[in-house]
Every structure is written in C-alpha cells, then in structure tokens.
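Scroll down for the structure; my scribbles are underneath it.
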Number of protein chains: 2
Amino acid sequence: MISKKTKYAINALVHLAKRKDEGPIIIAEIAKAENIPQKFLEAILLDLKKAGILASKKGKAGGYYLLKAPEDVNMADVMRLFDGPIALLPCVTYMYYERCEECKDEETCGIRDVFLEVRNKTVSMLKKSTLLEIIRREGKQKRPENED
Amino acid sequence: MISKKTKYAINALVHLAKRKDEGPIIIAEIAKAENIPQKFLEAILLDLKKAGILASKKGKAGGYYLLKAPEDVNMADVMRLFDGPIALLPCVTYMYYERCEECKDEETCGIRDVFLEVRNKTVSMLKKSTLLEIIRREGKQKRPENED
DNA sequence: TCTTTACTCTACTAAATAGATAGACTTAAT
DNA sequence: ATTAAGTCTATCTATTTAGTAGAGTAAAGA
C-alpha cells in the first residue's frame, strides 16, 4: 500500500493538473476540494515543490501550480519521493541499493532474480501512469484484463 | 518493500523446498542456515503452517516440511499472508476492499482505474513467481529486460 | 507603509507497526 | 523418564505514519 501522504499528493497533483491554466491555486482550496487535512497538505506540496514538480507564489493571489506538463509527472516519481524505492527488496532497488542482511550469495540468489524482474516491470507500468493518463481515464473506465 | 518477516518466510520456504525429500527439518537448522533469528522464525513457520503451506512434526525427529509442491507456492500468497494486500490502494484490493477516505467518486476515479491495472498485473507476476521458479533461477540469472 | 493573504519552517504528539526476545508448556520418540 | 522439538503467551523498543500547533516570511494592494 502507498501511504496516505502519497495518495494525498496524487490527489493534489490531479487537482492542479485539471486547473493548470487557471493560475496559482491556494492550499485551502485543494485541501477542501480533495478532503485532505490542510496542515498535512502544506508539507506535501512543499515537498513536491522541492522536487521540481510544483512551483508556488506567495502572498495575495498566490498558491501552487504545476511546473511540469501532466504527461511528464508519473506515479513512479511521486511514490519514490514520499515512500522511497518501488522495489520489494533492498537488493533490487535502483537508487537505494542495500544488501539483504541475511543473504548468503546475492549473485546467485533466485529470490533476487525474481524480484528484480517484478521491480523492472512495476517501474515501467508506474512510469506510464502519468497525470494525463489518470485524467484521460476519469469516467471512462476500462474493463479489467486479469481477474484473480 | 516487503517486511523482513515476509523475506524470512521466503528464505525458509526456499530452504525447505530444496530439501523437500529429506523429511522434517528443524527450526534451528533453517534459522542457522538462512541467518534468521530463531524465535522470530518460529512464529513465521507457525503462520505458514496455519496457512496450509507447511506441516510440522513434533518431538524427536520432528521439524517442518513443505505440504504443497514448490510450483504451487507463489509469492503473491506469501506476501498476502504476512504483509496484507498487494494492491497499492485500499479501493483496489481483492479481499480487503476499503474506500479511500478522501475519495469523492470511486466509480469515475482515474487514479483508481490506473492502480487497478497495476494491481492486476502485479498479482499476475507474483503468482508466476513460485518456489520452483526461484530455485530454477538460482545461479543462472537472466539479463534484465528493462532498465530505468 | 500598513494590512491582509498565503506560503514556509520548526517542533511536537499519538497511535500503529516492525522486528524482535523471554519463558513456560506440550507432544512424541526412545 | 528423558530428551528433543514444536507451540503459546506476553512483553519490549525503535521507527514510521498521520496529523497538529504556532510562529515566521513574502508579496499585493489600499
């Protein structure tokens, strides 16, 4: 599961993407419209700004706005920013590699090999999941392809 | 990331799968061979037993052994057992559905639609990742298909 | 320049979860 | 009866998650 922080970030980003031509939008509006505790949202938006995804304007007529195009903001980046690596094992992360403490031989580890493949395919899916894609799908859901 | 508990469970299962014709194996041996704290492992093996994946024999010449065939034990089941749902959002879980608290309209939610697809594909991958597959891959790693 | 508006920064807190550890108890084989 | 091994209950500490409080700073406009 992703954290609430990440989910709130996605909600806020979708909100901003849908109004990207309306100039800066204040935190209070996003918080109210998306049902997010305002103080919590403040910290989240600040992080998104530091990451170069959003920009802000202070004072009167201020607020936050998208810096990147909606097709250039993907779920992999947002999830990494708040929840850390997408990989399921520390030994298959891209940026935060760490050996599994109990591991005997990483080079021949079959578990690692299987989870490396899972990571690669997951990252690839999440990179295709952009704000644009999310907005395009709103209200016109596809039928699920796999069921289990 | 999966929890250490889940990772230890996988390590123990692989150990038991590789010696599946040698009769019951004692906890102490698995703990030592796989570098897992013994007391922690005891609880894990008990859970795997309750889940019908392992069986145990008490007393002298006792220990744990695989109840299912290695090709019938997959990572999706093990992860669900210890870490809960595989889905990244509560509203797209299969067994543990829960509405996202802040959600305005689940039926038309583009975020949900995107994460439902991610869940379906992830579960499908993890179901193919069986103990047999892990053991087959040991020492003969494939080259990664995607890099990012 | 004063006031208002809105973002920014630092600190704190409560509850839940992760990752264990300790010790007594039960069961089965010899 | 003894010994080997799994089982059960309780407890513990550190970290993370989710959220709150309040003071500080910057920009617009009257």
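Just so it is clear: chains get the letters A, B, ... in the order the sequence lines come, proteins before strands, and each one is counted from 1.
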Would a 4.5 Å heavy-atom cut-off, applied to side chains only, mark A:Leu89 and B:Ile2 as touching?
->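 When only atoms from C-beta onward are counted, B:Ile2 and A:Leu89 do touch, with a gap below 4.5 Å.
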
Suppose we screen for side-chain contact (heavy atoms from CB on, under 4.5 Å). Which residues come up paired with [X], at least two apart in sequence or across chains?
X: B:Lys60; result: none
X: A:Glu42; result: A:Ile27, A:Gln38, A:Lys39
X: B:Thr130; result: B:Asn74, B:Leu132, B:Glu133
X: A:Ala69; result: A:Glu71, A:Asp72

What residues, two or more places apart in sequence or in another chain, satisfy ring-ring contact (aromatic ring centres under 6.0 Å, His included) together with A:Phe40?
->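 A:Phe40 satisfies ring-ring contact (aromatic ring centres under 6.0 Å, His included) with A:Tyr8 once adjacent residues are dropped.
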
Identify, with sequence neighbours excluded, every residue that meets salt bridge (Lys or Arg N to Asp or Glu O under 4.0 Å) alongside [X].
X: B:Glu98; result: none
X: A:Lys104; result: B:Glu34
X: B:Lys18; result: B:Glu138

Polar atom pairs between nucleotides 4-7 of chain D and protein, under 3.5 Å, N or O only, would you list them?
| residue | atom | partner | partner atom | Å |
| --- | --- | --- | --- | --- |
| D:dA5 | O4' | B:Gly59 | O | 3.4 |
| D:dG6 | OP1 | B:Ile27 | N | 3.1 |
| D:dG6 | O3' | B:Ser56 | OG | 3.4 |
| D:dT7 | OP1 | B:Lys49 | NZ | 2.4 |
| D:dT7 | OP1 | B:Ser56 | OG | 3.0 |
| D:dT7 | OP2 | B:Tyr64 | OH | 2.0 |

With sequence neighbours excluded, give me every ring pair (Phe, Tyr, Trp, His ring centres under 6.0 Å) pair touching residues 64-93 of chain B.
->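 Passing the test, one end in residues 64-93 of chain B: no pairs.
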
Shoot me the first and last contacting nucleotide of DNA chain C against chain B, ordered 5' to 3', at under 4.0 angstrom to non-hydrogen atoms.
->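 The contacted stretch runs from C:dG19 to C:dA29.
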
What nitrogen or oxygen pairs link the protein and nucleotides 13-19 of chain D at under 3.5 Å?
| residue | atom | partner | partner atom | Å |
| --- | --- | --- | --- | --- |
| D:dA18 | OP2 | A:Lys4 | N | 3.1 |
| D:dG19 | OP2 | A:Tyr8 | OH | 3.3 |

